[in-house]
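To start, the structure under review is shown below, and the notes come after it.
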Amino acid sequence: MIKPSYKKQVYSKLFIPFLEQDESQRPRYRALFNYMQQQILCGELVADSRLPSSRELAELLNLSRNTIKQVYEMLQAEGYIETRQGDGSYISTQLSLSRKAIQKSHRPDLRPIKLSDKSKLLQQIRPLYHQSNQQLLLPASPALDQFPWPEWQRSVSHAGKLMKFSGGRSFMGEPKLRQEIVNYLNTSRGIHCEMEQVMICSGSQQGMQLAFSMLINPGDKVLVEDPGFPGIDGAISTVGGVKVSVPIDRQGFRTDIALTDKQDARLAFITPSRNFPMGYTLSLERRLQLLQWARQHGSCIIEDDYDSEFRFDGPPLTALQGLDGEHSVIYSGTFSRILHPAIRLGYLVLPPALVPSFNQMRGFLDGGLSSLPQLALADFMSRGLFASHLRRMRKLYKARREYLLQQIEKRFNNQLVWEPSDGGMHGVFLLPPGTDDKAIVEQANTVGLGLRPLSYYYDKQPPLSGLVIGFSGYTETQIDTGLTRLQPIIDQHLK
Ligand SMILES: Cc1ncc(COP(=O)(O)O)c(C=O)c1O
């Protein structure tokens, strides 16, 4: 350890590591400040010892005197050093006690910060796939090159001006956007709601997390589709819910299995318009059974209507909420798939009785979302741009799906068999039973393909082997490129 009052040869040694640092990224004064701070904290520069003068140190480090003076001032302002009238700068004597507590070399008592039991549960569930829009054939990818960017920029700029006049903060979201959503849902989705029931969230995922935390006690059962949307697992497990995986068939969620007395579930989370990922639509009979079950048991249904806008063979089907489900159904919608995955705007339509408690919770959770993107989207919708973009994308995605189906039939013969669905942004293609779809996808990912293995979406049910292939975000040329890369991988696995 260095003793007080540094002699030239001692301090030159002390600063050798600093001189050897490659610090071209940071201003020199910042690098020197951090270096000296560390030396003081780890005890190399000892309390009450005198530092070289600014002139001496400037010479040694080949820096200007002003730089050294600036560093000394910063060290002084943060309490590392003190100047003594007419006697130069000294390492602060105050530091000797407190420093011990943070010295790197004196940390036998250092314990890692403990995570809550809830967050440990998260580590036990299926991890989510990393999404990159650099990949081809990624499911849920909108056609970003078709988005009316200049119009959107106008809306963003208009929103910037509007913010000045936007009234107080609402936990539920900007009234203008909530009203636009009501207009859209009333006309396009047959949903009955008032603006007061609409809560804007950071994507539908946040809305669902909030709904689970408001409705589920530890140990409560939650009915989910199997296969289904894995993004919900985190929300269920962090509230201590018990997931009850319910099989599906081509009529959707198997109510005959789900709604037995032994299930006595508190909540059902379903994708009735188009099961994710299979694409099956829940039959009317099962919809009515579900609604009756919810009413009778005081249970709730979360209707995740993630991409029903893209139904190719007719107008979107009426939502479950619109089927007299206003009091039992929380309807969840998102703009991620229609506009942009990074827009992070979605919404819940709440049963009126739940509005006050959700509103209160939202205040504690995050105080509501930033106004700017909400006002921009409200403007975009009010100018009819949302509706026209949707109409255009519906046509485009339909054509892209046709192209993908044709190409898959042509190139893969019977190796990949399409599982019919009336719309969406991806297709499910079954592989021969027993094929290792995860191995295919792992290999496909290495050549820039973002498709997913169907078996990943299964929880308890015996999985079908297949590929979930996105088409909406890709031109015919890109689809060709993607399939050309996929072909040798499939051939290799099926030979
Ligand atoms: C079935 C389903 N539900 C919900 C979501 C979440 O959407 P958001 O991006 O709005 O959180 C997704 C996202 O891809 C999804 O696939």
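Below, all heavy atoms of this structure are taken into account, side chains as well, without hydrogens, waters or symmetry copies. In listed order, ligands and their atoms are each counted from 1.
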[atom]: the protein heavy-atom neighbour that sits closest, reported with distance to 0.1 Å:
atom: atom 3 (N) of ligand 1; value: Asp304 OD2, 2.5 Å
atom: atom 5 (C) of ligand 1; value: Phe229 CZ, 3.4 Å
atom: atom 14 (O) of ligand 1; value: Arg337 NH2, 3.4 Å
atom: atom 10 (O) of ligand 1; value: Thr334 OG1, 2.5 Å

Q. Where is the tightest heavy-atom contact between Phe212 and Ala235, given as atom of each residue plus distance?
A.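 Heavy-atom minimum between the residues: CD1-CB, 3.8 Å.
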Show me which atoms of ligand 1 lie under 4.0 Å from any heavy atom of [X].
X: Arg344; result: 8 (P), 9 (O), 11 (O)
X: Met208; result: 4 (C)
X: Ser336; result: 8 (P), 9 (O), 10 (O)
X: Tyr306; result: 1 (C), 2 (C), 3 (N)
X: Gln205; result: 6 (C), 11 (O)
X: Gly203; result: 10 (O), 11 (O)

(Q) So that I can tick it off, tell me whether Asp480 and Arg485 are bridged by a salt bridge, with the cut-off set at under 4.0 angstrom between side-chain N and carboxylate O. (A)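 Between Asp480 and Arg485 there is no salt bridge, as every charged N stays at least 4.0 Å from the carboxylate O atoms.
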Q. Taking the non-hydrogen atoms of Gln206, is any one of them nearer than 4.0 angstrom to ligand 1?
A.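 Judged by the 4.0 Å heavy-atom criterion, Gln206 does not count as contacting ligand 1.
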(Q) Can you tell me if Gly346 contacts ligand 1 (heavy atom of the residue under 4.0 Å from the ligand)? (A)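 No; Gly346 lies far enough from ligand 1 that no heavy-atom distance drops under 4.0 Å.
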Q.
Counting only heavy atoms from other residues, nucleotides and ligands, does the tally under 6.0 Å from CD of Glu409 exceed 12?
A. no
Q: Check whether more than 12 heavy atoms from other residues, nucleotides or ligands sit under 6.0 Å from atom CD of Glu196, and answer yes or no.
A: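 Yes, enclosed.
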(Q) Any nitrogen or oxygen of Ser202, side chain or backbone, less than 3.5 Å from one on ligand 1? (A) no
Q: Using a 4.0 Å heavy-atom threshold (strictly under), name the region of Ser204 that reaches ligand 1: side chain, backbone, both or neither.
A: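 The answer is both, backbone and side chain.
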Q: Hey, can you tell me if Trp293 and His297 have their rings parallel, tilted or perpendicular (30° and 60° cut-offs)?
A: tilted
Q) Could Arg452 and Tyr129 be counted as a cation-pi pair, given that NZ or CZ must be under 6.0 Å from the ring centre and within 45° of the axis? A) yes
Q) Quick one: side chain to side chain donor-acceptor pair (under 3.5 Å) partners of Tyr457, sequence neighbours excluded? A) none
Q) In terms of side-chain heavy atoms, does His493 have a donor or acceptor partner in Gln443 at a distance below 3.5 Å? A)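 Present: a donor and an acceptor within the cut-off.
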Q. Asp459 and Lys243: side chain to side chain contact (heavy atoms under 4.5 Å, CB included), yes or no, with the steps?
A. CA-CA 10 Å; Asp459 184 30; Lys243 190 167 66 166; 3.1 Å; yes
